[in-house]
Amino acid sequence: NTSVPNIRFNNQIFNSIDNNVDLTDTNNIENHNLKLTKTLTNDSMASSNGSISSMSLSSSSFQNTNAENTNNNGQDGTTTASHSHSASYGSNLSLTTMSLSLNTVHQQNWQFIKLSQLIESNKLIFINSSISVEEAFNTLMKYHLTSLPVQTHPSDLDCVTFDYNDLNSYLLLVLNKIKFNNEKLNKDCQNGESIPVGELTKYTPKDPFYKLSELENLSNVINILGSGVHRIAITDPDMTQIKGILSQRRLIKYLWDNARQFPDLEPLLNMSLKKLRIGIFNDNKTTKLTSRNSPVISIYGDEPLINALYKMHSERISSVAVIDSNNILIGNISVTDVKHLTRTSQYPLLQNTCRHFISIILNNRGLENGGKDSFPIFHVYPSSSLARTIAKLVATKSHRLWIVQPSSSTDPDPDQQMSSSDESDFNLNKPFSPHLVEKDKKTGKLIGVISLTDILSILARNQTQHKEVDPQYARRNRK
């Protein structure tokens, strides 16, 4: 549209959408908040990662196009500013106003984000199926990863993944607590023989290994991850090479970190878990619930740690709530905590209590953080907003949070207390409030659980084309 002036910054084009502004009148420019929209090419999207903050604007970028500056053609060596009119913007164009305008209008639909923008090539580490389970675990630790693609040969597209659930199964196999349908594998594990990681992953429960082209968008992947699949592979356009792995946790973090760009998420983020009706709740009013008959999987703090590991394996979950005799939440044990149990000198911990193990974990975290108190909050409340829930999931790097009710009627709901002074937990025009991830140690009675799958499924169902997404589908069909 030649009637609309273009301002070009390298590969990024911004078009004025207000045709009523007379650009030849510098007073209009000074007094009018110029509205801009952004169109990004594939190259510029990759370079800026969809973030307006990555673009550098300086006062020298804007060149006066009057006769005095005709010789430089509007170029300063780093950024080109040009338009189809002979009129000059002049020095009255405020960079501050421009910056504010760009920040407020750089909004888009998250559903149309290409998977190529979420590729983290530096975190794509393959292992060969022939290496030992111990080597695979050491690779996880070395690169601070939670899963590794296992290939039988180079460029293997039908690979499976090795993760901490596999390590947990391996430990239980070594301790003769479980058996696979392979007698040689069972005996070799118990005799301390080296086990190829490819042999172990044949018998551990796995999600289907989905592969999507980097040209696909989030609208498609949200349906898969929202059904309970933990991760998918991102390939090149020809589907001949794996370029990255996209996990539920990575997607949630991406959406949270860039939430200001997606205004359609704001109403959803400010709704409470109770209103959204997501997660699993203990709603049996007549039967006294225990850790054994509750739909929320938990274990008593005085039970042996080995029972928690076995429960995570048998229930195919990555963490379990630890409660006291009154169903008060006292902590959380995850499959990633198995890394504290890989040496024979640590095996006595398995017969000690879950409560004792939690104290060991907290002590180790404190040492890792230079002696700072480290008490991750793995719980939320029915009144917690979706924004607060996602913030805590991102901060704790967890797959699920436990939903608790304050222990007595006299205890106020911490969420309601903190939200009473704020209009909402999430606001596009305000910075994130620190209390979203505040380390409130106040817990309560365990009444429910919410997972990454639950959150992704509500996002998927919020799209017209994915109304029937079932968050429990993948778990029921996991092999």
Side-chain angles (χ1 to χ4, degrees), residues 8-15 36-56 102-126 145 147 149 155 157 159 161 207-227 229-266 268-269 390 394 428 452-453 455-466 469:
R8 178 180 294 273
F9 302 97
N10 293 336
N11 292 326
Q12 300 161 355
I13 303 174
F14 301 82
N15 298 318
L36 303 173
T37 58
K38 179 178 182 183
T39 302
L40 289 167
T41 64
N42 287 337
D43 289 340
S44 64
M45 282 293 284
S47 65
S48 68
N49 197 24
S51 174
I52 196 67
S53 62
S54 66
M55 190 180 68
S56 175
L102 295 180
N103 285 331
T104 57
V105 301
H106 179 55
Q107 297 172 351
Q108 53 189 316
N109 292 326
W110 61 266
Q111 295 93 334
F112 303 125
I113 299 293
K114 298 295 183 185
L115 296 188
S116 57
Q117 287 187 245
L118 280 78
I119 293 176
E120 295 180 300
S121 56
N122 61 316
K123 294 186 177 181
L124 182 62
I125 307 295
F126 291 95
L145 299 173
S147 68
S155 303
L157 291 180
C159 53
T161 56
D207 290 332
F209 192 67
Y210 287 94
K211 298 177 286 291
L212 293 179
S213 163
E214 62 182 333
L215 300 181
E216 296 279 354
N217 57 38
L218 291 187
S219 177
N220 297 327
V221 76
I222 199 80
N223 187 34
I224 298 173
L225 297 180
S227 67
V229 174
H230 290 166
R231 57 187 69 89
I232 60 104
I234 303 175
T235 72
D236 63 341
D238 296 327
M239 304 285 285
T240 59
Q241 178 186 3
I242 296 176
K243 299 188 68 175
I245 301 292
L246 177 62
S247 66
Q248 289 180 321
R249 197 171 73 183
R250 162 66 175 148
L251 178 54
I252 287 287
K253 187 177 187 307
Y254 175 83
L255 291 174
W256 177 246
D257 289 346
N258 297 278
R260 291 177 179 279
Q261 299 177 26
F262 314 130
D264 60 317
L265 289 180
E266 186 174 10
L268 202 63
L269 290 172
I390 293 176
V394 171
L428 287 174
L452 295 177
T453 297
I455 294 173
L456 290 171
S457 69
I458 197 69
L459 291 174
R461 294 198 303 272
N462 205 39
Q463 303 181 94
T464 305
Q465 66 270 39
H466 295 315
V469 173

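Fair warning: this is a prediction, and the values are worked out from it, not measured in the lab. Position 1 is the first residue of the sequence; numbering continues from there.
- Atoms CD and OG1, on Glu214 and Thr235 in that order, are 7.0 Å from each other to the nearest 0.5 Å.
- One finds the CD1 atom of Ile234 at 8.0 Å from the CG atom of Leu212 (value rounded to the nearest 0.5 Å).
- The backbone N or O of Ser155 lies less than 3.5 Å from no partner atom in the side chain of Gln241, so there is not a single donor-acceptor pair.
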- When you look at Ile245 and Lys123, which way does the side chain to side chain contact (heavy atoms under 4.5 Å, CB included) test go after all the steps? CA-CA 8 Å; Ile245 301 292; Lys123 294 186 177 181; over 6 Å; no

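- Among all heavy-atom pairs drawn from Leu265 and Leu459, the shortest one is CD2-CD2, 3.7 Å.
- Across Ile125 and Pro149, no two heavy atoms sit closer than the pair O-CD, 3.1 Å.
- Summarising the geometry, atom NZ belonging to Lys211 is positioned 13.5 Å from atom CD belonging to Glu216; distances are rounded to the nearest 0.5 Å.
- A donor-acceptor pair is defined here as one N or O able to donate and one able to accept, closer than 3.5 Å; no such pair exists between the side chain of Asn109 and the backbone of Gln111.
- Using a 4.5 Å cut-off on side-chain heavy atoms (C-beta onward), Thr453 and Gln248 make contact.
- Atoms CG and CD1, from Leu456 and Ile222 in turn, are 4.5 Å apart once rounded to the nearest 0.5 Å.
- Counting heavy atoms from C-beta outward, Ile458 and Arg461 have side chains that approach closer than 4.5 Å.
- Across all non-hydrogen atoms, the minimal contact from Arg231 to Ser147 is NE-OG, 3.2 Å.
- For the atom pair Ile119 CD1 and Leu124 CG, the distance stands at 9.0 Å (nearest 0.5 Å).
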- Task: Please step through side chain to side chain contact (heavy atoms under 4.5 Å, CB included) for the pair Phe126 and Ile242, ending with a clear verdict.
- Result: CA-CA 10 Å; Phe126 291 95; Ile242 296 176; 4.0 Å; yes

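- A search for side-chain hydrogen bond (donor to acceptor under 3.5 Å, both in side chains) contacts involving Thr240 returns Asp236, not counting sequence neighbours.
- Side-chain contact between Phe209 and Leu157: absent, with no pair of heavy atoms (C-beta onward) separated by less than 4.5 Å.
- Note that CG of Leu118 is 11.0 Å distant from NZ of Lys253, once rounded to the nearest 0.5 Å.
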- Query: After noting the C-alpha distance and the side-chain angles of Trp110 and Asp264, does the key distance pass the side chain to side chain contact (heavy atoms under 4.5 Å, CB included) rule?
  - Reply: CA-CA 9 Å; Trp110 61 266; Asp264 60 317; 3.3 Å; yes

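- At a threshold of 4.5 Å between non-hydrogen side-chain atoms, the residues Leu255 and Leu218 count as touching.
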